[in-house]
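Only one structure is covered here, and it is reproduced in the block below.
Letters A, B, ... mirror the listed sequences (proteins, then strands); counts begin at 1.
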Amino acid sequence: VDYQTIDKELFALGITLENADDATVHAHMERLRALAAQIDDETDRLRALRRIDRLPRLARPAPLGESPQYAEALRIVAQSHEFQGTAAERLAQADQTATRVAELARQAPPLEGAAIMRMNTSLKRRIDALRHELT
Amino acid sequence: MPEVLGAAIDRDSEAYRYIAAIIAEVGRLSGLPSRWNGHVREELDPRWDGSANEDGTLGVGESEVLARLRKAASGATLDAEDAALVRNAVAVVAHEAMHLSTRHPDPREPGSYPPLDPPEVALDEGLTELWTRSNVDNIMDAVGLGRYVEQAAGTESVDPYPAHTAAARALIAELYQITGKDPQDLTRDLLALDPAQRWDAITDLLSDHYLDGVEAPPDLEHLRHRLAGELRSNYARVHAIQTSNDALPKQTSDARHAARLAVASLAREVEEAAEEQRAAAWVGPAFQVGRDDGLGQLRNVLAGQRSTDEVAQAPDKPPTAAARTGAASRPARGWVRGG
């Protein structure tokens with residue numbers, strides 16, 4: 001058993017344990033702790049144990065924002081990616097949306113604002129690609 | 001160099017050292033080579049907090065990344081929200097670093113689709129964020145920011161791509177259940193590809209699984225192209241869901257379901273193709289469909305008999321190899337549940 005074994009198991013559980021109850025998650029944690037105890041290298045063993053402690057967080061989906069700004073930003077970013085038109089029209093539309101998203105981020109509570117700002121990076125990729133297409 | 005990027009971040013600064021360490025750790029954990037060129041530049045446009053640029057430069061914003069990393073470098077004890085915002089800064093860099101580990105889309109390659117359209121955005125952002133979320137705490141440990149994982153305990157970062165992440169997670173879970181391949185490897189292998197090529201790769205994965213030991217269908221290339229196109233078009237639903245006014249929990253649940261259906265539909269079609277090949281091999285070359293051998297009636301009788309048997313076993317779905325070979329001989333397939 002090495003750190004990679006535990007790491008792979010944890011990733012798989014993070015994918016498959018969706019909606020599992022606490023008892024199931026904790027049973028997996030106990031099983032993995034027993035496995036991790038067999039890791040020879042002390043640093044890797046401690047690292048694996050610390051990672052196992054975080055399984056409950058991995059097994060839950062990241063929370064959704066609750067602010068109206070978060071919901072609006074998700075919707076308008078998605079609409080922008082779906083927007084049809086010429087490259088110039090799509091570029092203008094994506095640019096306007098990104099400006100609105102940044103405004104929403106400023107208005108939202110800090111953690112939600114940070115997530116809203118991250119939504120804009122997908123629009124930036126779209127804008128860069130469209131600029132590239134138009135040059 | 002893109003003109004939207006400003007000054008280079010000083011390589012001797014704490015922020016640069018953290019960013020370089022995060023990018024290195026992303027490479028180490030994913031095992032993927034990076035296109036990063038060693039440059040980190042500040043985003044001039046305050047609308048962006050991070051970007052993976054075509055020339056390999058990483059762009060980072062002042063407020064959500066550089067200021068957060070400088071604060072972390074001071075070693076100060078932070079409240080849970082500020083610690084969670086440090087994690088967000090690490091996630092921004094890690095997410096963009098993963099985009100730098102992905103092959104840059106080349107729409108001129110044979111079999112490519114238009115880049116960055118909705119299904120591609122949904123799959124690309126979903127897989128990237130799924131990987132980032134699974135690894136962000138490990139990365140923080142590795143770069144010396146582990147104390148903020150504990151200080152942020154109980155305060156979660158909010159998902160910037162909830163429908164896409166939920167769908168990517170469902171997609172990987174379904175592929176894992178069908179093929180038994182390791183979810184971490186599946187995620188990494190898909191991320192390593194040009195985003196436009198991932199539909200073919202998923203189609204190939206299921207083809208390899210269901211067509212294992214079966215002679216390839218004569219029209220395999222055509223079949224592959226058609227199925228990859230259908231997968232892509234079914235996955236577009238994941239993105240469209242997020243344009244609605246539905247409540248967000250319903251959107252993520254619908255996105256998960258759409259991803260499962262997209263895989264289920266692909267699995268069913270590939271399995272049917274495998275089934276047809278098995279039937280052709282069983283009947284023998286002289287009986288193969290399309291050959292005018294005078295034995296069409298017998299062939300039809302055999303085909304009808306097979307169809308009747310299968311309908312009796314599985315009245316709600318098309319004939320499957322599992323139905324013919326005995327479903328009990330294999331573990332339950334995710335796509336059966338999803339379909």
Residue pairs passing the ring-ring contact (aromatic ring centres under 6.0 Å, His included) test where at least one lies in residues 74-93 of chain A, sequence neighbours excluded: A:His81-B:His239
With a 4.5 angstrom heavy-atom cut-off, which part of B:Ala89 approaches chain A: side chain, backbone, both or neither? neither
Would you check if the side chain of A:Asn120 reaches a backbone N or O of A:Ala98 as a donor-acceptor pair within less than 3.5 Å? yes
Among B:Ala236, B:Pro160, B:Pro183, which residue forms the greatest number of heavy-atom pairs with chain A at distances under 4.5 Å? B:Pro160
Portion of B:Gln242 that has a non-hydrogen atom of chain A nearer than 4.5 angstrom: both
Less than 4.5 Å to any heavy atom of chain A: does that hold for the side chain of B:Ser157, its backbone, both, or neither? backbone
Can you say whether B:Val65 sits under 4.5 Å from chain A via the side chain, the backbone, both, or neither, judging by heavy atoms? neither
Part of A:Arg51 lying under 4.5 Å from any heavy atom of chain B: side chain
Heavy atoms from other residues, nucleotides or ligands near CZ of A:Arg125 exceed 12 (cutoff 6.0 Å): yes
Under 4.5 Å heavy-atom distance to chain A, tell me which part of B:Ser63 shows up: side chain, backbone, both or neither. neither
Identify which part of B:Arg188 has an atom lying under 4.5 Å from any heavy atom of chain A, answering side chain, backbone, both or neither. neither
Taking the six-membered ring of A:Tyr3, is the NZ or CZ of A:Arg47 close enough (under 6.0 Å from the centre) and on axis enough (within 45°)? yes
Portion of A:Ala62 that has a non-hydrogen atom of chain B nearer than 4.5 angstrom: both
Checking B:Ala166 against chain A: side chain, backbone, both or neither under 4.5 Å from a heavy atom? neither
Chain A contact via B:Pro249 - which portion, at a heavy-atom distance below 4.5 Å: both
Would you mind checking which part of A:Thr99 comes under 4.5 Å of any heavy atom in chain B, side chain (CB onward), backbone (N, CA, C, O), both or neither? both
Member of B:Glu64, B:Glu125, B:Glu129 meeting the salt bridge (Lys or Arg N to Asp or Glu O under 4.0 Å) criterion with A:Arg118: B:Glu129
Engaged part of B:Glu156 at the chain A interface, taking heavy atoms whose separation is under 4.5 Å: both
So for atom CG, which belongs to A:Asp21, do other residues, nucleotides or ligands contribute more than 12 heavy atoms lying within a distance under 6.0 Å? yes
Kindly assign one of parallel, tilted or perpendicular to the pair B:His99 and B:His95, based on the angle between their ring planes and the thresholds 30° and 60°. perpendicular
Just to verify, which of A:Asp7, A:Leu13, A:Ile15 counts as forming a side chain to side chain contact (heavy atoms under 4.5 Å, CB included) with A:Phe11? A:Ile15
Applying a strict 4.5 Å limit to non-hydrogen atoms, the region of B:Val92 in contact with chain A is both
Counting heavy-atom pairs under 4.5 Å with chain B, the top scorer among A:Glu103, A:Lys124, A:Met117 is A:Lys124
Output the option from B:Leu248, B:Val121, B:Asp137, B:Leu85 having the highest count of non-hydrogen pairs under 4.5 Å with chain A. B:Asp137
Could you tell me which portion of B:Asp141 (side chain, backbone, both or neither) has an atom closer than 4.5 angstrom to a non-hydrogen atom of chain A? side chain
